[in-house]
Amino acid sequence: SQTIHQWPATLVQPVGSPLSLECTVEGTSNPNLYWYRQAAGRGLQLLFYSVGIGQISSEVPQNLSASRPQDRQFILSSKKLLLSDSGFYLCAWSTAGYQPQHFGDGTRLSIL
Amino acid sequence: DAKTTQPTSMDCAEGRAANLPCNHSTISGNEYVYWYRQIHSQGPQYIIHGLKNNETNEMASLIITEDRKSSTLILPHATLRDTAVYYCIVRGSNAGGTSYGKLTFGQGTILTVHP
């Protein structure tokens, strides 16, 4: 069966520091991969999606970037974190067509 | 993707059926209805999805009206662990287009199951 892993579960970072969040999927090939962010008390917002290695599309302009160095690995990065980058970051995967997306357990990021 | 409208909150007694409504009057012919739930501090959990026929799995049933403008998620025997925010989402295919199957989450329905 397919599984998705995100780490770390929680992270506290100072303003201006770099960020790297990793997501890996097991048990499937060539999945679509997604990064979402959920601010406190708000709904999920899609940040990036990828349909293949090296293929990244951004949904909203921001201080973050994403990369997909391997088929089942999706990385969310920032060179300098802002206070507004705080939130709950979720990675998701799906196959093509109408199949649902499946989410990881998320990373709760706090910026001090 | 079409927008959805859900009640802000609902209550349900433990052991009873929970019926969560969703309006999606602007749904188009190739869009599916998806239901997710999110328990506090966890990632959203997929529940069920459907196009026009009623669907059932081990978690829930999905009833879609004939005109497809609304649907109801049914949890047949609610437990305390079903307390969560439930999201109804309408979405097209992952394949092609510019959205690649983006899920647009609204505010959802806060379902509280009480003893």
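Here is how names work: the chains are called A, B, and so on, in the same order as the sequence lines, proteins then strands, and each is numbered from 1.
- Residues of residues 103-112 of chain A lying under 4.5 angstrom from chain B, judged on non-hydrogen atoms, are A:F103, A:G104, A:D105, A:R108 in numerical order.
- Follow the hydrophobic side-chain contacts under 4.5 Å out from B:I47 and you reach B:M10 in the same cluster.
- In the hydrophobic cluster analysis, where Ile, Leu, Val, Met, Phe, Trp and Tyr join through side-chain heavy atoms closer than 4.5 angstrom, B:I110 is grouped together with B:Y87.
- Using a 4.5 Å cut-off between heavy atoms, A:Q6 makes no contact with chain B at all.
- Note: B:Y46 OH to A:Q99 CD = 7.5 Å, rounded to the nearest 0.5 Å.
- Taking a 6.0 Å sphere around NE2 of B:H77, one finds it holds 12 or fewer heavy atoms contributed by other residues, nucleotides or ligands.
- Comparing B:G106, B:G108, B:G43, B:P44 by how many heavy-atom pairs each has under 4.5 Å with chain A, the most go to B:P44.
- Each of A:I75 and A:F48 belongs to its own hydrophobic cluster when Ile, Leu, Val, Met, Phe, Trp and Tyr are linked at side-chain heavy-atom distances under 4.5 angstrom.
- Contact residues of residues 11-18 of chain A toward chain B are absent (heavy-atom distance under 4.5 Å).
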Exercise. Evaluate the side chain to side chain contact (heavy atoms under 4.5 Å, CB included) criterion for residues B:Y36 and A:Q101: first the C-alpha distance (whole Å), next the side-chain angles of each, then the deciding distance (0.1 Å), finally the verdict.
Key: CA-CA 10 Å; B:Y36 285 78; A:Q101 293 177 24; 3.7 Å; yes
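- Under a hydrophobic clustering in which Ile, Leu, Val, Met, Phe, Trp and Tyr are joined whenever their side-chain heavy atoms come within less than 4.5 Å, directly or via other members, B:I63 and B:I89 fall into different clusters.
- For a residue to count as touching a neighbouring chain, one of its non-hydrogen atoms must lie under 4.5 Å from one of that chain's; by this rule B:Q42 touches chain A with the backbone only.
- Taken together through direct or relayed side-chain contacts under 4.5 Å among Ile, Leu, Val, Met, Phe, Trp and Tyr, B:I48 and B:I74 form parts of separate hydrophobic clusters.
- Here the side chains of B:L103 and A:Y34 are not in contact, with every heavy-atom distance at 4.5 Å or above.
- Residues B:Q38 and A:L44 are in side-chain contact: their nearest non-hydrogen atoms beyond the backbone lie under 4.5 Å apart.
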Quiz item: What's the verdict on side chain to side chain contact (heavy atoms under 4.5 Å, CB included) for B:N30 and A:Y98, showing C-alpha distance, side-chain angles and the deciding distance?
Solution: CA-CA 10 Å; B:N30 65 346; A:Y98 291 98; 3.5 Å; yes
